[in-house]
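Remarks on the structure that follows.
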Number of protein chains: 2
Amino acid sequence: MTAKGFSALPLHERIRQDIETRIISGTLRPGDRIPSELELMARYGCARMTVNKALSALATRGLLERRKRAGTFVARPRTVAMVLDVPDLGSAVTARGQVYAFRLLDRQISDTARDRQAAADLGDVGRVMRLTGLHLADGVAFALEERLINLALVPAIEPVDFSTEPPGTWLLRHIPWTEAENRIGALAASRAQAKVLGISPGDACLAIERRTWRGADSVTVVRQTFVAGSHELVARFGPAGGSPARISAAAAAMTSAIGTSSA
Amino acid sequence: MTAKGFSALPLHERIRQDIETRIISGTLRPGDRIPSELELMARYGCARMTVNKALSALATRGLLERRKRAGTFVARPRTVAMVLDVPDLGSAVTARGQVYAFRLLDRQISDTARDRQAAADLGDVGRVMRLTGLHLADGVAFALEERLINLALVPAIEPVDFSTEPPGTWLLRHIPWTEAENRIGALAASRAQAKVLGISPGDACLAIERRTWRGADSVTVVRQTFVAGSHELVARFGPAGGSPARISAAAAAMTSAIGTSSA
DNA sequence: GCTGTGATTATGTCTATACATATTCACCCG
DNA sequence: CGGGTGAATATGTATAGACATAATCACAGC
């Protein structure tokens with residue numbers, strides 16, 4: 001693009017966009033070799049470090065592949081790693097203009113020596129806290145949360161009252177973690193789940209299981225069950241700097257060609 | 001000085017990891033100001049450009065915020081960004097030791113001038129191809145795929161026979177894209193969806209809608225509907241360089257404390 | 001013909017320097 | 001006392017050169 005007539009952009013950025021444009025437009029095809037840094041440095045009339053900065057950025061983004069001695073090549077797209085935004089539930093609800101609340105349903109202190117399930121989830125860590133609660137938007141339950149917390153690692157949470165702040169937010173603000181894993185799937189609501197969520201048994205739900213570690217120790221394991229349609233996860237891959245405006249314009253749901261979902 | 005310790009990683013990478021570790025572990029908290037490039041350059045005993053490379057990388061990743069004259073600050077996290085692996089379905093099935101196959105159910109050529117739904121999904125792009133097909137593992141259907149393809153951008157796909165390669169894989173191998181977005185949710189199977197997937201209407205399904213762009217143009221929009229339990233997405237945040245071995249050991253499912261799901 | 005080895009080459013990293021740019025801070029003037 | 005102005009400061013960009021590293025290519029020797 002570079003709609004700016006002046007050289008508003010730094011040089012390495014213009015070089016990057018120039019090459020990126022050639023890849024996107026198909027002038028450069030996957031597997032093609034692009035000129036060496038020395039050649040590009042002559043072509044753009046700049047130092048090699050400047051060319052290097054542009055090419056390195058494109059390589060980091062996966063558009064180029066660089067091999068020593070061989071040269072720089074347009075990458076062949078393979079499996080893709082996208083960035084998944086995992087928002088705080090309270091913030092997400094508030095951002096939609098609704099009132100968020102968390103209601104604690106149950107709270108128990110257990111021990112991995114007696115509680116085999118907790119031991120399977122957190123490892124043999126000793127005392128654990130088991131929480132069950134509901135996430136509400138405008139007073140309506142949309143997600144059920146079941147959580148295990150390693151009390152040896154987070155003793156300060158034992159006396160906390162979660163009426164003002166849900167446990168996830170409390171942990172996020174108080175306990176740093178070094179690793180986390182989300183598993184995302186779908187399930188049919190059990191009878192008990194359906195009852196507290198106000199839906200029917202067997203109804204579709206989105207299930208997210210999140211585990212966090214601090215170094216080698218498990219901090220918490222949480223399973224959140226969302227009523228279908230109440231929550232959506234968005235993962236992106238694209239130019240640095242966030243989502244283009246186009247995406248929101250194209251957000252109309254794709255209606256099923258098979259199921260003319262009449263309801 | 002520049003004591004070349006025999007570390008495998010380059011210096012700017014070690015500096016980056018050092019600072020990143022302090023942020024993630026909480027030693028550096030959101031809003032904290034970190035030392036200036038001049039101070040860090042003295043502390044690490046290197047040139048400013050080396051420190052700059054490390055800090056710029058962290059700023060690009062959103063972990064730091066840099067303001068001229070003011071300094072460099074730990075960014076306040078809005079959402080937690082995790083890395084979501086989006087594997088090729090065929091590879092994923094094969095990796096589990098099953099036989100993968102794709103069966104094309106329907107194929108139509110349409111036009112956004114007449115097909116308002118296609119126009120809503122891809123924009124006013126002219127001719128489009130609409131595909132419907134099934135993904136099979138060991139001969140059993142586990143996912144339904146409904147796809148729209150912008151033929152103006154991908155004319156070469158029009159004569160392709162998808163008996164050997166599903167359309168997603170074909171596109172991945174032939175068409176580079178610059179942006180992609182996944183939306184992940186749950187839904188109840190419609191009557192028609194249930195029929196082709198061999199499940200009952202209303203059964204829980206995991207729904208993934210993926211859009212890809214090349215520059216400003218839509219390439220394809222695809223909606224995949226997975227039978228609940230047949231497919232799981234995994235997103236991670238952790239030390240750079242892949243998944244720790246521990247995760248596979250901790251993969252035991254967390255049984256619901258509420259719903260003693262007897263089936 | 002095959003293999004190993006060394007020269008060649010392109011990228012990777014790092015340094016030292018210079019100037020540009022944006023903000024903040026302190027000071028001076030009205 | 002308030003506001004404008006210039007100096008100080010931290011980052012942003014760019015350069016030129018140096019050495020490191022890895023992969024390839026060509027050639028010599030078996």
Side-chain angles (χ1 to χ4, degrees), chain A residues 2 4-20 23 28 30-76 239-241, chain B residues 1-20 23 28 31-76 240-241:
Chain A
T2 64
K4 304 279 170 105
F6 298 107
S7 59
L9 292 171
L11 181 53
H12 68 83
E13 185 72 10
R14 273 179 289 159
I15 297 175
R16 186 185 66 70
Q17 289 189 6
D18 184 22
I19 296 171
E20 183 176 336
I23 296 174
L28 291 169
D32 282 359
R33 183 177 182 280
I34 76 172
S36 74
E37 293 188 350
L38 241 66
E39 291 175 88
L40 290 172
M41 155 184 166
R43 175 174 312 180
Y44 290 105
C46 65
R48 190 167 78 94
M49 280 297 293
T50 307
V51 172
N52 183 289
K53 192 166 187 175
L55 297 188
S56 296
L58 289 172
T60 300
R61 290 224 245 138
L63 279 153
L64 292 178
E65 186 189 345
R66 315 196 75 189
R67 295 203 312 277
K68 294 187 181 177
R69 169 68 218 243
T72 303
F73 302 84
V74 179
R76 303 178 185 279
Chain B
M1 293 303 220
T2 67
K4 293 266 174 105
F6 20 83
S7 90
L9 293 173
L11 181 53
H12 69 82
E13 184 71 10
R14 271 180 291 159
I15 297 175
R16 186 186 64 70
Q17 288 190 7
D18 183 22
I19 296 171
E20 181 176 336
I23 295 173
L28 291 170
D32 282 359
R33 184 176 182 280
I34 76 172
S36 74
E37 294 188 348
L38 242 67
E39 291 175 272
L40 290 172
M41 155 185 163
R43 176 173 311 179
Y44 290 104
C46 65
R48 190 166 80 93
M49 280 298 293
T50 307
V51 172
N52 184 289
K53 190 164 188 176
L55 297 188
S56 297
L58 289 172
T60 301
R61 292 225 245 137
L63 280 153
L64 291 179
E65 187 189 344
R66 315 196 73 190
R67 295 203 312 276
K68 295 182 182 180
R69 169 68 222 238
T72 303
F73 302 84
V74 179
R76 302 180 185 281

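Owing to the predicted nature of the structure, the values given are computational and were not obtained by experimental measurement. For the numbers below, each heavy atom of this structure counts, side chains included, while hydrogens, waters and symmetry mates do not. Letters go in sequence order (proteins before strands), and every chain restarts at 1.
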**Complete:** The nucleotide from dA10(C), dT11(D), dA22(C) with an atom nearest the side chain of R69(B) is dA22(C)
**Request:** Give a yes or no on whether the backbone of R14(B) and the side-chain of Q17(B) come within a donor-acceptor separation of less than 3.5 Å.
**Result:** no
**Message:** Strictly distance-based, threshold 3.5 Å: is any side-chain N or O of R16(A) a donor or acceptor partner for the main-chain N or O of K53(A)?
**Reply:** no
**Message:** Base, sugar-phosphate or nothing for T72(A)? Non-hydrogen atoms, less than 4.0 Å.
**Reply:** sugar-phosphate
From [X] atom [atom1] to [Y] atom [atom2], the distance as rounded to the nearest 0.5 Å:
{"X": "E20(B)", "Y": "L64(B)", "atom1": "CD", "atom2": "CG", "answer": "9.5 Å"}
{"X": "I15(B)", "Y": "N52(B)", "atom1": "CD1", "atom2": "CG", "answer": "10.5 Å"}
{"X": "R66(A)", "Y": "I34(A)", "atom1": "CZ", "atom2": "CD1", "answer": "7.0 Å"}

Quickly work out the [X] [atom1] to [N] [atom2] distance and round it to whole Å.
{"X": "F73(B)", "N": "dT23(C)", "atom1": "CZ", "atom2": "C1'", "answer": "11 Å"}
{"X": "R33(A)", "N": "dA23(D)", "atom1": "CZ", "atom2": "P", "answer": "15 Å"}
{"X": "L55(A)", "N": "dA10(C)", "atom1": "CG", "atom2": "C1'", "answer": "12 Å"}
{"X": "R67(B)", "N": "dT24(C)", "atom1": "CZ", "atom2": "P", "answer": "6 Å"}
{"X": "K68(B)", "N": "dA22(C)", "atom1": "NZ", "atom2": "P", "answer": "5 Å"}
{"X": "Y44(B)", "N": "dT15(C)", "atom1": "OH", "atom2": "C1'", "answer": "18 Å"}
{"X": "R66(B)", "N": "dT9(D)", "atom1": "CZ", "atom2": "P", "answer": "18 Å"}

**Request:** Before giving the answer on side chain to side chain contact (heavy atoms under 4.5 Å, CB included), spell out for D18(B) and Y44(B) the whole-Å C-alpha distance, their side-chain angles and the decisive distance to 0.1 Å.
**Result:** CA-CA 11 Å; D18(B) 183 22; Y44(B) 290 104; 2.5 Å; yes
**Request:** Mark up nucleotides 13-18 of chain D, 5' to 3', with B wherever a protein heavy atom is under 4.0 angstrom from a base atom, S wherever such an atom reaches only the sugar-phosphate, and - elsewhere.
**Result:** BBBBBB
